[in-house]
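First the structure, in the form of structure tokens, and then the observations on it.
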Amino acid sequence: MRLLFLGDIVGKPGRRAIIDQLPGLRERWQLDFVIINGENSAGGFGITEKILNDILDAGADAVTLGNHSFDQKETLVYIDRQHRLIRPINMPPGTPGRGAGVYEARNGAQVLVINALGRIYMAEMDCPFRAVEQELITCPLGRGADVVVVDFHAEATSEKQAFGHFVDGRVSLVVGTHTHTPTADERILPGGTAYMSDAGMCGDYDSVLGMVKDEPLHRFLTRIPKDRFEPASGEATLSGIAIEIDDKTGLTVNLQAVRIGGCLSPSEPDFW
């Protein structure tokens with residue numbers, strides 16, 4: 001099975017890159033399943049239903065979120081009817097939406113997608129380790145689902161790495177999001193789980209985390225906000241990870257970082 005995960009979409013450049021390039025990538029790479037983190041797609045903060053539908057129409061099978069899940073207030077209204085939009089599983093009980101979902105891939109495989117929020121340097125949430133553990137008990141790899149992917153939306157690489165080892169051998173992929181900066185530690189853990197501390201972003205890297213540089217620089221120099229953060233408008237880089245999964249075990253046999261377009265060094269899978 002061939003699966004692509006793309007990191008946080010930041011504003012219009014990221015959306016444009018997804019809409020323009022994802023349909024071609026699906027066909028060229030013969031992808032069975034695509035997951036994209038969309039929590040910064042609406043001007044850098046949250047996601048609207050129109051933007052969600054545009055991402056799904058471009059070829060995403062599931063869209064994950066994070067700490068900006070409900071920055072667009074309309075999300076509180078539509079998230080319950082959009083079953084392919086997944087907010088963090090460890091948000092408080094009663095939060096609208098779902099923290100996990102099972103979807104059918106193009107090859108017929110059942111894919112469990114889980115979104116979880118870290119707790120280090122983040123707003124306090126329920127324990128992501130225990131929340132994901134409960135979901136894996138309910139829907140284990142190989143019995144409840146053929147493939148399991150966890151988007152771990154967190155700040156600290158230590159927490160992300162600890163989580164990767166916690167679920168190693170029980171999920172197909174653990175990929176970090178949130179920092180908008182791709183890491184170079186993609187690997188297959190000893191138990192067969194693919195791991196990457198951060199997928200990076202789908203946005204303009206001539207920026208500060210996808211935002212126009214002036215306002216972040218002003219705040220670092222003066223500690224005083226001057227204007228709103230606005231997404232940078234240059235060419236976006238599609239950033240993420242591509243993995244090949246063994247159909248029998250649900251574990252990963254090949255992986256490669258993905259970086260297409262923009263100002264980062266390019267990287268595409270060479271095992272397909």
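We're numbering straight along the sequence, starting at 1.
Taking each heavy atom of Pro92 and Met125 in turn, the nearest pair found is CD-SD, 3.9 Å. Considering all non-hydrogen atoms of both residues, Pro182 and Tyr205 come closest at CD-OH, 3.4 Å. Closest approach of Val174 and Val167 over heavy atoms only: CG2-CG2, 3.4 Å. Taking all atoms of both residues into account, the shortest heavy-atom contact from Thr95 to Arg87 is O-NH2, 2.9 Å.
The residue from Leu85, Ile86, Val132 that alone fulfils the side chain to side chain contact (heavy atoms under 4.5 Å, CB included) condition with Asn115 is Ile86.
Between Arg130 and Glu135 no salt bridge is recorded (no basic side-chain N to carboxylate O distance below 4.0 Å).
A donor and an acceptor atom, one from each side chain of Glu186 and Gln256, are nowhere located under 3.5 Å apart. If you check the side chains of Asp8 and His178, you find no donor sitting under 3.5 Å from an acceptor. A donor atom on one side chain and an acceptor atom on the other are found under 3.5 Å apart for Asp71 and His68. There is a side-chain donor-acceptor pair under 3.5 Å between Asp198 and Thr179.
Counting heavy atoms from C-beta outward, Phe166 and Val171 have side chains that stay 4.5 Å or more apart. Residues Met201 and Leu209 are not in side-chain contact: their nearest non-hydrogen atoms beyond the backbone lie 4.5 Å or more apart. Inter-residue side-chain proximity for Leu3 and Ser172 is flagged as unmet; no heavy-atom pair is nearer than 4.5 Å.
For CZ of Arg228, the number of neighbouring non-hydrogen atoms (other residues, nucleotides, ligands) closer than 6.0 Å is 12 at most.
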Practice prompt. Starting from the C-alpha separation in whole Å, work towards a yes-or-no answer on side-chain hydrogen bond (donor to acceptor under 3.5 Å, both in side chains) for Thr64 and Asp151.
Written response: CA-CA 7 Å; Thr64 51; Asp151 172 355; 2.6 Å; yes
